[in-house]
Amino acid sequence: MLRLAGNRLSSSLPWRSNYKATANNITMMSSDGPVNITPNSTLSPEQFRCSNTDHQILFHVLEACKLSSNFQTAIEIHARIIKLGCGAYPSLISLLISIYVSCDRLNLARPLLNEIPSWDLDLISANLIIARFMKIGDIDIAKRVFHKMPARDVVSWNSMIGGCVKNARFQEALSIFRKMLSSNVEPDGFTFASVITGCARLGALDHAKWVHGLMIEKRIELNYILCSALIDMYSKCGRIENAKEVFDSGRSNHVSVWNAMINGLAIHGLALDAIAIFSLMEVENISPDSITFVGVLTACSHCGLVEQGHKHFDLMRRHYLIQPQLEHYGTMVDLLGRAGRLEEAYALIKEMPMEPDVVIWRALLSSCRTHKNSKLGEIAITKISHLNSGDYVLMSNIYCSIRKWDGAEIVRDMMKKKGVRKNSGRSWIELAGVIHQFKAGDLSHPETEPMYKLLEGLIRRTKLEGFMPLTELVLMDVSDEEKEGNLNYHSEKLALAYGVLKMSPGIEIRISKNLRTCPDCHCWMEIVSRVLNRVIIVRDRIRFHRFEGGLCSCGNYW
DNA sequence: TTAGGGTTAG
């Protein structure tokens with residue numbers, strides 16, 4: 001076996017006459033004598049001495065290091081290059097970079113990429129560098145490599161687009177995709193999978209429809225990954241009916257596609273439909289996996305279907321023999337907590353066979369906020385080791401809700417001392433293919449003046465219709481910045497005002513938000529939908545709210 | 001060398 005592996009290796013090398021290679025050993029045949037390299041071995045000083053003036057030899061040795069993933073020797077040669085002053089050879093440095101990247105030593109590659117005046121990287125190595133740096137969120141390096149490449153192939157573009165999506169730079173991903181379309185490289189299924197995900201995360205329906213159309217036009221074959229991505233995209237863009245169309249037409253028996261559909265229904269508050277799809281899986285003999293149950297349990301959680309949740313949790317364990325993982329306990333704690341069964345939720349946490357994580361404690365903390373339970377809230381918050389701004393806000397809100405002002409004061413002081421700032425909420429609206437984004441009290445938009453004027457008029461009208469701002473929330477608010485913005489200027493209200501300003505009457509207004517919708521804004525949107533007689537759809541962090549005729553599809557359960 | 005669907009919170 002070893003010999004075979006060695007033969008394969010040596011036959012793929014262009015300079016094989018210079019050395020012999022097996023899977024575990026490479027021997028350089030230089031004019032100075034043989035140089036032996038084995039994976040993870042080091043070069044002896046003698047071996048260095050025989051090649052120290054010949055950068056060509058170093059180049060070949062590095063090539064061999066790359067093939068044998070001999071990272072240790074590469075480092076030694078790197079040191080030798082520095083000592084010999086061979087750094088002027090881009091070919092050597094480029095090779096070192098690609099070795100470091102393929103061995104996942106990005107910290108060693110980074111300074112070389114920053115320092116080297118010109119690169120001599122092959123296409124595959126450059127693509128790998130883009131992908132790996134994008135994976136760790138180092139977008140600048142990835143971009144620099146991409147822009148310096150003399151030629152780019154479909155993988156280069158895909159790595160850039162996919163990388164931007166992974167790093168939540170959705171608009172940038174779309175912009176790169178547009179540039180790709182005007183280049184001479186054709187997008188493929190990989191490109192669309194990333195672009196579709198970007199549209200889903202943005203909730204940008206116009207973009208979504210355009211991208212789907214393009215995919216059809218370019219005759220991209222629909223595999224199960226693209227199919228689940230499309231279902232997810234339409235669901236997250238508020239078009240559950242389109243998601244269903246894709247689901248029905250795809251007729252995939254891959255579990256991921258079913259999971260995407262179940263989750264889509266869940267975020268639309270259609271728990272019973274989600275359960276029906278799950279039952280259909282049983283009929284069609286498609287085995288659910290652990291993600292399927294996350295979807296079904298989430299659907300139950302967001303609609304208050306406690307018994308159905310219990311039933312499916314048991315089904316998962318007993319019938320499908322899937323051991324509940326942290327995320328399943330997370331959804332169960334969330335389900336019980338939202339429904340006000342806080343003690344049961346806490347009991348479940350104590351029963352868990354594994355250590356509960358912060359997600360679980362935050363789910364309990366959040367439920368304590370909803371149901372005004374400071375005792376369990378205090379327990380939950382002490383279990384979260386690294387408190388973030390949201391945790392402080394929740395705890396402060398719990399104290400405010402039960403008028404325990406001294407408790408709230410202590411939390412606020414802690415926030416001040418630790419310099420914790422509340423993250424601002426953001427909402428955005430897509431108009432004619434452009435995404436307009438707002439923060440609370442935002443004054444940066446060029447049409448700020450007419451937008452605020454319209455908003456103030458709208459607030460006056462809704463007050464005449466009986467809208468009372470939930471001022472309790474202002475008291476709870478711990479951020480000075482937020483206080484200035486006030487409830488009236490929350491980001492979703494600004495986005496709505498902008499939509500009313502720019503869109504013809506009667507057309508539904510669609511807003512996306514990065515956080516959960518605020519109860520005051522939720523109540524206000526209900527009244528606005530009646531006053532203006534138009535449909536307003538708000539996608540918050542976890543689900544859709546469809547406001548029509550004064551009511552919301554969530555039935556005030558969220 | 002590149003892709004999808006998954007629990008909480010602000």
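Just so you know, these numbers come straight off a predicted model, no measurement behind them. Order of the sequence lines sets the chain letters (A, B, ...), proteins ahead of strands, with each chain counted from 1.
- Listed candidates were dA3(B), dT1(B), dG5(B). Nearest to the side chain of A260(A) is dG5(B).
- As judged by a 4.0 angstrom heavy-atom cut-off over every strand, K236(A) is placed among residues touching the sugar-phosphate backbone only.
- For F190(A), counting side-chain heavy atoms from C-beta on, the closest listed nucleotide (dT8(B), dA3(B), dG5(B)) is dA3(B).
- When side chains are defined from C-beta on, Y320(A) does not count as touching H312(A), because their heavy atoms never get closer than 4.5 Å.
- The distance between atom CH2 of W157(A) and atom C1' of dA3(B), rounded to the nearest whole Å, is 18 Å.
- For the pair L376(A) CG and dA9(B) P, the computed distance is 17 Å after rounding to whole Å.
- At the heavy-atom level, G295(A) lies nowhere under 4.0 Å from the strands shown.
- Ranking dT1(B), dT7(B), dA3(B) by closeness to the D334(A) side chain, first place goes to dT7(B).
- Distance, R201(A) CZ to dG5(B) C1': 12 Å, rounded to whole Å.
- I542(A) comes within 4.0 angstrom of the backbone, heavy atoms only, and of no base.
- The distance from atom CD1 of I124(A) to atom P of dT1(B) is 8 Å, rounded to the nearest whole Å.
- Residue D122(A) is classed as having no contact, given no heavy-atom separation below 4.0 Å to the nucleic acid.
- Distance from the side chain of I291(A) is smallest for dG5(B) among the nucleotides dT2(B), dT1(B), dG5(B).
- Base contact: I225(A) has a heavy atom under 4.0 Å from a base atom.
- Contact annotation: the side chain of H522(A) approaches that of H545(A) to within less than 4.5 Å [non-hydrogen atoms, C-beta and beyond].
- In this structure, K166(A) reaches the dA3(B) phosphate: one of its side-chain N or O atoms is under 4.0 Å from OP1 or OP2.
- Nearest to the side-chain atoms of R362(A) among the listed nucleotides dG5(B), dT2(B), dT8(B) stands dT8(B).
- Identified under the ring-ring contact (aromatic ring centres under 6.0 Å, His included) test for residues 179-203 of chain A, with sequence neighbours left out: F177(A)-F192(A).
- As rounded to whole Å, 13 Å separates atom P of dT2(B) from atom CD1 of I129(A).
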Go through the steps to decide whether R426(A) and D442(A) satisfy the test salt bridge (charged side-chain N to carboxylate O under 4.0 Å, His left out), and finish with yes or no. CA-CA 10 Å; R426(A) 280 175 291 125; D442(A) 206 327; over 6 Å; no
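- Listed nucleotides: dA3(B), dT8(B), dG5(B). Nearest to the side chain of V359(A): dT8(B).
- Ion pairing between a basic and an acidic side chain is recognised when a charged N comes within 4.0 Å of a carboxylate O; D334(A) and R338(A) show such pairing.
- For dT8(B), the OP1/OP2 oxygens have a side-chain nitrogen or oxygen of H302(A) closer than 4.0 Å.
- Distance from the side chain of N127(A) is smallest to dT1(B) among dT1(B), dG5(B), dT7(B).
- Close to dT8(B), at under 4.0 Å from its OP1 or OP2, lies no side-chain N or O of S366(A).
- Ring geometry for H254(A) versus Y224(A): interplanar angle under 30°, hence parallel rather than tilted (30 to 60°).
- As rounded to whole Å, 16 Å separates atom P of dT1(B) from atom CG of D188(A).
- Whole-Å rounding puts the L365(A) CG to dT7(B) C1' distance at 15 Å.
- Within 3.5 Å, a donor on the side chain of N223(A) pairs with an acceptor on the base of dA3(B), or the reverse.
- Atom-to-atom, CG of L336(A) to C1' of dT8(B) comes out at 14 Å; the value is rounded to the nearest Å.
- Contact annotation: R541(A) side-chain N/O to dA9(B) OP1/OP2 distance is under 4.0 Å.
- Dashed line: the shortest gap from a side-chain N or O of R338(A) to OP1 or OP2 of dT7(B) is not under 4.0 Å.
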Given the rule in the side chain to side chain contact (heavy atoms under 4.5 Å, CB included) test, do I267(A) and K236(A) qualify, once you have shown the distances and angles that lead to the verdict? CA-CA 8 Å; I267(A) 62 175; K236(A) 291 197 172 124; 3.8 Å; yes
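- A sub-4.0 Å separation between OP1 or OP2 of dT2(B) and a side-chain N or O of R132(A) is absent.
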